[in-house]
Amino acid sequence: MVEEGLISEDQAREALTKAAELGRTFTSHLVRENLIDPVGFAHVAAEQFGLPLIDLNALDLRQAPSEVVKEELMRKHLVLPVMKRGKRLFVVVADPTNQSAIDEIAFTSGLNVEAVLAASDSISQAIDRVLAGSSQAFEELTAGDEDLESLSFEAQQQQQESADDTSDDAPIVRFVNKVLIDAIRKDASDIHFEPYEDNYRIRFRVDGMLKTQMKPPVKMASRLSARLKVMASLDIAERRVPQDGRIKLNLSKSKAFDFRVSTCPTLWGEKVVLRILDGSGVFLGPEKLGFEPEQKDVYLDAISKPYGMVLVTGPTGSGKTVSLYTALGLLNDEGRNISTVEDPVEIRMPGINQVQQNAKQGLTFAAALRAFLRQDPDIIMVGEIRDIETAEIAIKAAQTGHLVLSTLHTNDAPQSITRLANMGVPPYNIVSAVHMVMAQRLARTLHKCKVPEDDLPPDALRKFGFTDEEIENGLELYRNKGCNLCNDGYKGRAGVFQVMPVTEAIEQVILQGGTALEIERQSKIEGVIDLRRAALNKVKNGSISLVEMNRVTKD
């Protein structure tokens, strides 16, 4: 530094002596006391220690993983985390000799820390920007957009007198309204408001995947949850037990969205999750669901029967409701009486009698089914068969001249049969009522920016499930790339289906007390493809990637 003319020899010797007295390293003392030009020092230190030097002004610090390192630690050691990649955390430092800071960050974060140099003054300013960034972003989001205050929320009740000063706080009102509108614009299915010890994040679930959208200041946690609870007509004074409510947002006379609200107390405050329900209804048509041609024929044949049961199975968020409402849309005409009981009613469809389950008031699935059977029904939809009572009534309805549509939570179609048997439904009732079982998943479809997959060896392709014939004929596989018009290379979702008609041969297996494996074995003999094979077909035609196939199906 003396040779570079950044400091005189006398100043250097004096700094060495003073640093020793204070128990500091020489470089740490120079940085802390501003005894040298920060930019010049950074250049010399980068050359001497062989570390990369960066300009913090050229980085987008809005993406800095500030939650990984506590504010106290950042200011104490003058360090700033700027990027996280896998298990590696890149941290900007001013003093390259401060190994204790690197070790402390590595210990508290559980990550491998790599140091990068920057000028001390720019790091200090960057820390201020990052820590204040969420507050500034919050102010920017809530300022100057008065229209957001005037949105129409039907479920909002005047509880301001019990909400302290939170519910009528205009910035909070505008911010929450903006979050809801942003989620609708991005086609999100859920919004997560999550408080933690040192930060607060809001995540949207888009195409089945959660992604952080914004990080308001953690001090806003209680005000945000209070605002959401007021909108959903919940008790804002009760923070110890979960609560459920509903918000209706009217965007126009013809367009409305419902938000199902669920609160849950956590260590650091109330987590609030909103499920977005498009109240205007949806009808995709069977050709858009993602069926293979043979599967579509089986599906249409099953729902066209005048009686019997059609079951759809899959985990939460796999599109079961859309599949059922697609069937109802095809069947909905003036000549049929259609009734549904759901929890909640997610899609509204004119011409169908839709009932919202309310167990607290005694309106269970079973109670609603009994009422339907006294009202001259043609088609009945039960949101979910959860217990033996509901199962018995649904089976009886299917046996007495009614078409019954319902869902179960199992992994695949054969397991739905054994699940009914385990509930206590006799095998002879299952075979006389159930006509078709359909398992499904939702896979993210590749956007048009997709690129060819790297050449994979035949052994790897066989492990994925491709046949030797397919490999020999050549496979054109694609993977996600990502652009400004998609979400990490994906846009929208398509169904992956296992459609299993209950044939005479499968009926014999069921009557003999066959297991799910035996039912699956017989279904494959009859040409039924499982979820993995259906996903492989979508990989072959370029709809989904190998990574997405592995995510939604098991090998």
Side-chain angles (χ1 to χ4, degrees), residues 62 132-196 199-206 210-239 242-252 255-266 268-279 344:
R62 291 175 298 178
S134 55
S135 299
Q136 293 170 2
F138 181 83
E139 295 300 328
E140 290 170 6
L141 283 171
T142 58
D145 204 347
E146 286 72 19
D147 289 344
L148 291 172
E149 294 183 67
S150 60
L151 290 174
S152 172
F153 293 95
E154 279 188 14
Q156 182 177 340
Q157 295 181 354
Q158 297 302 316
Q159 298 183 5
Q160 276 82 353
E161 64 273 8
S162 61
D164 299 322
D165 62 344
T166 57
S167 56
D168 58 353
D169 189 331
I172 292 289
V173 171
R174 287 198 298 271
F175 180 75
V176 170
N177 292 356
K178 179 172 178 56
V179 171
L180 301 188
I181 295 299
D182 283 351
I184 291 170
R185 286 173 179 160
K186 293 182 179 180
D187 293 325
S189 60
D190 301 87
I191 312 171
H192 292 240
F193 294 82
E194 301 171 312
Y196 297 96
N199 62 86
Y200 190 98
R201 69 178 177 182
I202 298 174
R203 294 191 290 173
F204 292 171
R205 187 180 293 280
V206 180
L210 280 169
K211 190 170 184 180
T212 301
Q213 300 296 318
M214 53 195 81
K215 295 180 180 180
V218 68
K219 63 184 179 183
M220 300 291 183
S222 59
R223 298 166 70 186
L224 288 170
S225 62
R227 171 62 186 165
L228 290 164
K229 288 164 74 174
V230 166
M231 294 168 69
S233 302
L234 301 178
D235 182 359
I236 67 167
E238 180 55 79
R239 300 184 179 92
Q243 296 186 67
D244 294 294
R246 202 175 183 97
I247 301 170
K248 182 174 181 181
L249 168 60
N250 295 312
L251 289 180
S252 65
K255 191 69 172 174
F257 286 86
D258 287 336
F259 297 84
R260 188 177 70 195
V261 182
S262 173
T263 73
C264 184
T266 69
W268 312 113
E270 284 184 290
K271 174 175 178 175
V272 185
V273 177
L274 276 62
R275 165 64 61 86
I276 304 174
L277 313 172
D278 187 349

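What you see is a predicted model, and the numbers here were worked out from it, not measured in a lab.
Across every non-hydrogen atom of Glu270 and Ser225, the tightest pair is OE1-OG, 4.0 Å. In terms of heavy-atom proximity, Tyr196 sits nearest to Val218 at O-CG2, 3.5 Å. Scanning both residues, Phe204 and Ala188, for their nearest heavy atoms gives CB-CB, 4.0 Å. Nearest heavy atom pair, residue Pro195 against residue Gly269, reads CG-C, 3.7 Å. The shortest heavy-atom contact between Pro217 and Tyr200 is O-CB, 4.3 Å.
From Leu234, atom CG reaches atom CD of Gln243 across 5.0 Å, with rounding to the nearest 0.5 Å. Note that SG of Cys264 and CD of Glu194 are 11.5 Å apart. Values are rounded to the nearest 0.5 Å. To the nearest 0.5 Å, atoms CD1 (Ile202) and CE (Met214) are separated by 5.5 Å. A distance of 10.0 Å separates CG of Leu277 from OG of Ser189, quoted to the nearest 0.5 Å. Remark: Lys215 NZ to Arg201 CZ distance equals 8.0 Å, nearest 0.5 Å. One finds the NZ atom of Lys211 at 12.5 Å from the CZ atom of Arg203 (value rounded to the nearest 0.5 Å).
Under a 4.0 Å N-O distance rule, the pair Arg275/Asp190 qualifies as a salt bridge.
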With salt bridge (charged side-chain N to carboxylate O under 4.0 Å, His left out) as the criterion, how do Asp182 and Lys186 come out once you've worked through the C-alpha distance, each side chain's angles and the decisive distance to 0.1 Å? CA-CA 6 Å; Asp182 283 351; Lys186 293 182 179 180; 5.8 Å; no
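Residues Arg227 and Phe193 form no side-chain contact, since every pair of their non-hydrogen atoms from C-beta on lies 4.5 Å or further apart. In this structure, the side chains of Leu228 and Phe259 stay at 4.5 Å or more apart for every pair of heavy atoms. Side-chain contact between Met231 and Leu180 is present, with at least one heavy-atom pair separated by less than 4.5 Å.
Remark: the backbone N or O of Glu238 is paired with a side-chain donor or acceptor of Lys229 at under 3.5 angstrom.
With Phe175 as the partner, the side-chain contact (heavy atoms from CB on, under 4.5 Å) test is satisfied by one option alone out of Val173, Ile172, Val179: Val179. With Leu249 as reference, Ile181 is the one residue of Asn177, Ile181, Ile276 to meet the side-chain contact (heavy atoms from CB on, under 4.5 Å) rule.
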